[in-house]
Each structure stands twice: as structure tokens, then as C-alpha cells.
Number of protein chains: 2
Amino acid sequence: VVKPDLDLIAAKLEGLEETIIAKLIDRAQFKVNQNIYQEGASGFDGAEGCSLFFMRLRRQEEMDALFGRFRVPEERPFTKELPSPKRGVSLGESCLSIKDFDYVSVTSRILPAYMDLVRDLCSKGDDGQYGSSVEHDVYALQAISRRIHFGALYVAECKYRANSEKIDALVARQKEKELLELLTRPEVEKNILERIVKKVDRMQAESNPRTRKIIKPEIIYKFYQDTVIPLTKKGEILYLLYRKVDSR
Amino acid sequence: VVKPDLDLIAAKLEGLEETIIAKLIDRAQFKVNQNIYQEGASGFDGAEGCSLFFMRLRRQEEMDALFGRFRVPEERPFTKELPSPKRGVSLGESCLSIKDFDYVSVTSRILPAYMDLVRDLCSKGDDGQYGSSVEHDVYALQAISRRIHFGALYVAECKYRANSEKIDALVARQKEKELLELLTRPEVEKNILERIVKKVDRMQAESNPRTRKIIKPEIIYKFYQDTVIPLTKKGEILYLLYRKVDSR
């Protein structure tokens, strides 16, 4: 089994911040367009029961599944019963010890939090740009999900290796609250949040507010604070609870 | 017929710059991965003759076609014979006068220029991240294509309205070189290029080079100078040559 490298993992998590911010800025160029989230209003032939947003998410994940996206540990899908890949995906050796990566999936919790985020992020109203809005929703969700699950899996594995006896004891007694405490590093979280604010500002510093909607750093700060960081830790706990006994 | 608003058009073109830059930075997080462009090496069941990149582009455009993307004037596809939309797309009244938007398509010229760009933009070598690389290639290409065709269509219509007699005369005699001269505004191009350099720097100002590949502004400058701007003007000329005679 390969040894996880905490520096590399932290670097990857940090690098994904720009990706998430850029995709949220892209989505914010369109209005909320509430119609796209309305079930039964997709206007899509043969998909009368669902929303245009869900239809796009589903089609995207079906295509991505064919290309093998969900073989990658941190790529957890939002929808179920996806087709098998049509190509082989070589992943290299992994340091992770878990039977099914979907044990760690928190996508069902990301979705409602993202819906709240859209309402804060985008201008109110309807600009008719439904196709572009759902497209950017899906890309933003994928970037957020990748960040959360990558953190959940690899950070948890690192922490386990550094503290396996204590964690084994807490897992054996299903002490989720104590696990959460053990996984929380307030100074690291504070650094992330401060960095996010700076990045959101800097990435838009040359943007012209007349030609481009500027998003407020506080919105992304809040989303990281209330969703990204807590769901990463939730995923870490799931990982530790389901971590394979035979590999301990 | 609606009157085109040059200020709004310029604003939209300027706003698309951040989108293009962000998507190119995302692609640059992966190596060149030359294998993905190799025909016959897709490793994709039932697509043995083509590259993984082409396969992804094709599948993406098929999905996008179902959602109606190519009903939008500036969204020109890279592949042909795509399925019809499965939803109605309401576009509002247009100021454009052309029978088929594909008369203005320069996607076949964007593709080889983008391939050269990837080699300058990304680190040499192979990191095995094929799925992510082709995904980001496709998103970057779509953003570039949108910018070029939006400019070609709407800027040309504006310029036509401001100078229709002269343009009619040049079009009647198929004077492409003189049309190109008439369409060229060096001071506007200079402004765009200077703005691009600033944006590329600013958008990465908070990025940590240890965790995120930083791209050089000169590469995007050169791509705008040698590809985006010339192909926009090429598209403008095509628009003027094919502009509907009956609407003059």
C-alpha cells in the first residue's frame, strides 16, 4: 500500500479552490432562473417529470460514467445506476482502504446546500439563459464534490495512519462526535477561509463590473465554512467508519 | 429587426475573457498528455478509430445538441450531423440577418490553433489524467468558440449598419482584403491584448505555485493575437459575404 503524502494532499485541495471559485463566478454571470430547478418544467422531450437542471446533471453523469470518471475515488456521482465505463481507467496504486468509495459519498448533502448558494450568488430573476445556467451548475457541483470527497478520503487516511489506535477505539464504539473533534483543526480551517476571501477578490480584480458580475467573497467564505469544510469532515468520519478492517 | 448595441456586445466579449482564461488555467493543471489526441488510441469501446479527445468532444456536442445549445447563434459546433434539440429554445428577436449561422463557423480553424496552444500551455509529459484533460479541452474550446463567433456575428452586423454602402460595394466585388482592412481597429485590438495580460496575472495572483500551475500571460496574449482576433475578423467577413441580401 502506498503511503499518503499530506503535503501533496493539502496542495491538491488548495489548487481546487481556484477551480471552484472560477466555476461559481461563471454561474453567477446568469440569473437564478428558478424555472430550471422546477420539477416537471424541463421542457425536455421524454423527461416531463424532472427539472431541466436534473436532466442536465443526469445526462452529464451518464456521459462521464462512460469515460470512467467515477472510477476515480474522489469523483462521486449525484445520480444513481450509471452505465459502466467504455474505457479502461488506470489509477495507479492507492493508499485508500475502503471497499466502495460510495460509502463516503455526501453528494446528497451537497445538492441542497448548492441550491441555497445559487440564490445568494446569482442575481434574482430570469434571463432565459437556461441551457448555460444548468451547464454551469453541473460544472460547479462537480468541482465542489471533487474537493469535498478528495479531502474526505485522503485526509482521513492520513489522520488514521497518524493516530490509528485512538481512531480504532472511537470507531469501535461508534463515537462520531469524538471523531469529529479529533478531525477538526481550527487553525487549518481559519487559513482556508482567509485564503478563499483573498482569492475571490484577486481573481476578479481586473474584471469590469459593467461587463461582468462580481461575486462577494463572503458568499464563498460562508459556503466553505458551512458546507465544504463540514461535509469534508462528515466524509472523513464515513471513511473511518467504513475503513476496511482487514487492512488495519 | 432589433438594433444591435455595440456597447453591450463589447461588454459581453470582454466578460468572456475571464471565462476563457479560467478554463485554460484549469486545463494547464494537467500535462499535455499527447496520447489523448492520438487517433486510434482512445481505448474507448466502439470508437477505435478516433482519439479520446475527439470522442469526448463528439459526446459533449451530442448532449449539448439535445439541450439546444446550437440554436444559439454564437454556439457553433466542432462536429457535424448532430441530433435535434429535445427542448424548445426561446431566443428572443435577433438583429442578425443570415440564413444559416454555420456559414460563419470557423471551428475547423480553431481546433488546430488550440492544439498548438495546449503544447505551450501545459507541462510536457503524461500524468495519466486523460479523462480530466479531454474534459477541460472541450470546455476551453467551447468558451473560445463562443467568443469568436459572438464577435464575428454581432460586431459584423454593427459595422454593417454603420457603413452599409461601402460594405455592400466591397461584398459585391468579393473584396475580402479591403473588407479585412475596414474591419480592423488596431487601437481596440491593442486594448484587448493589454487587458488579457493583466487579467491572466491578476487571476493567478493568490495562487500558490507549489500547488497550482501558473500560466504565462504571454501565451494567452499570443493566442488572442494570432487566433482569437484574426478568426473573429475571418468570421466577420464570412458574415458580411453571406448576409441576407433581402434584408439589406
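Only this structure's heavy atoms are used, side chains among them; waters, hydrogens and symmetry mates stay out. Proteins come first, then strands; the chains are lettered A, B, ... in the order of their sequence lines, and each starts at number 1.
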J.: Given that the side chain runs from C-beta out, which part of Leu52(B) has a heavy atom under 4.5 Å from chain A: side chain, backbone, both or neither?
T.: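 The answer is both parts of Leu52(B).
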
J.: Between Lys23(B) and chain A, with a heavy-atom cut-off of 4.5 Å, which part of the residue counts as in contact: side chain, backbone, both or neither?
T.: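 Contact with chain A: side chain only.
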
J.: Flag the one option from Gly43(A), Gly68(A), Ala22(A), Ser132(A) with the top tally of heavy-atom pairs under 4.5 Å to chain B.
T.: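 Counting heavy-atom pairs under 4.5 Å, the top option is Gly43(A).
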
J.: Using a strict threshold of under 4.0 Å (side-chain N to carboxylate O), is an ion pair present between Arg56(B) and Asp64(A)?
T.: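 Between Arg56(B) and Asp64(A) there is a salt bridge, with a charged N closer than 4.0 Å to a carboxylate O.
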
J.: With only heavy atoms counted, which part of Leu66(A) is less than 4.5 Å from chain B, the side chain, the backbone, both or neither?
T.: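 Both parts, heavy atoms under 4.5 Å.
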
J.: How many angstroms lie between CZ in Arg210(A) and CD in Glu14(B), if you round to the nearest 0.5 Å?
T.: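 Nearest 0.5 Å value for the CZ-CD distance: 7.5 Å.
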
J.: Who wins among Gln204(A), Glu17(A), Met55(A) for the most heavy-atom pairs under 4.5 Å with chain B?
T.: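 Winner by heavy-atom pair count: Met55(A).
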
J.: Calculate, to the nearest 0.5 Å, the distance between atoms NZ and CZ belonging to Lys86(A) and Arg59(B) respectively.
T.: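 It comes to 6.0 Å.
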
J.: Could you tell me whether Phe44(A) and Phe67(B) have their ring centroids closer than 6.0 angstrom?
T.: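 Under 6.0 Å, so yes.
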
J.: Can you say whether Gln60(B) sits under 4.5 Å from chain A via the side chain, the backbone, both, or neither, judging by heavy atoms?
T.: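 For Gln60(B), backbone and side chain are both near chain A.
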
J.: To the nearest 0.5 Å, tell me how far Glu206(B) CD sits from Ile21(A) CD1.
T.: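 Between Glu206(B) CD and Ile21(A) CD1, I get 10.0 Å after rounding to 0.5 Å.
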
J.: First locate atom NZ of Lys12(A), then atom CD of Gln29(B), and finally report the distance between them rounded to the nearest 0.5 Å.
T.: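 Reported value, rounded in 0.5 Å steps: 10.5 Å.
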
J.: Should Gln142(A) and Glu135(B) be marked as a side-chain contact (heavy atoms from CB on, under 4.5 Å) after you check the CA-CA gap, both sets of side-chain angles, and the distance that decides it?
T.: CA-CA 12 Å; Gln142(A) 289 186 328; Glu135(B) 181 185 326; 4.1 Å; yes

J.: At a heavy-atom separation under 4.5 Å, does Ile25(B) approach chain A through its side chain, its backbone, both, or neither?
T.: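 Answer is neither: Ile25(B) stays 4.5 Å or more from chain A.
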
J.: Which distance, rounded to the nearest 0.5 Å, do you find between the OG of Ser207(B) and the NZ of Lys198(A)?
T.: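 So the gap between those two atoms works out to 12.5 Å.
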
J.: Tell me the closest heavy-atom pair linking Gly15(A) and Arg212(B), and the distance in Å.
T.: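 Heavy-atom minimum between the residues: O-NH1, 2.7 Å.
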
J.: To the nearest 0.5 Å, what is the distance between CG on Asp7(A) and OG1 on Thr211(B)?
T.: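 Atom-to-atom, Asp7(A):CG and Thr211(B):OG1 are 11.5 Å apart.
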
J.: At a 4.5 Å cut-off on heavy atoms, which part of Arg202(B) comes close to chain A: side chain, backbone, both, or neither?
T.: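 For Arg202(B), heavy atoms of backbone and side chain both lie under 4.5 Å from chain A.
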
J.: For chain A, find which of Lys199(B), Gln129(B), Glu75(B) contributes the most heavy-atom pairs closer than 4.5 angstrom.
T.: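 The candidate making the most pairs under 4.5 Å is Lys199(B).
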
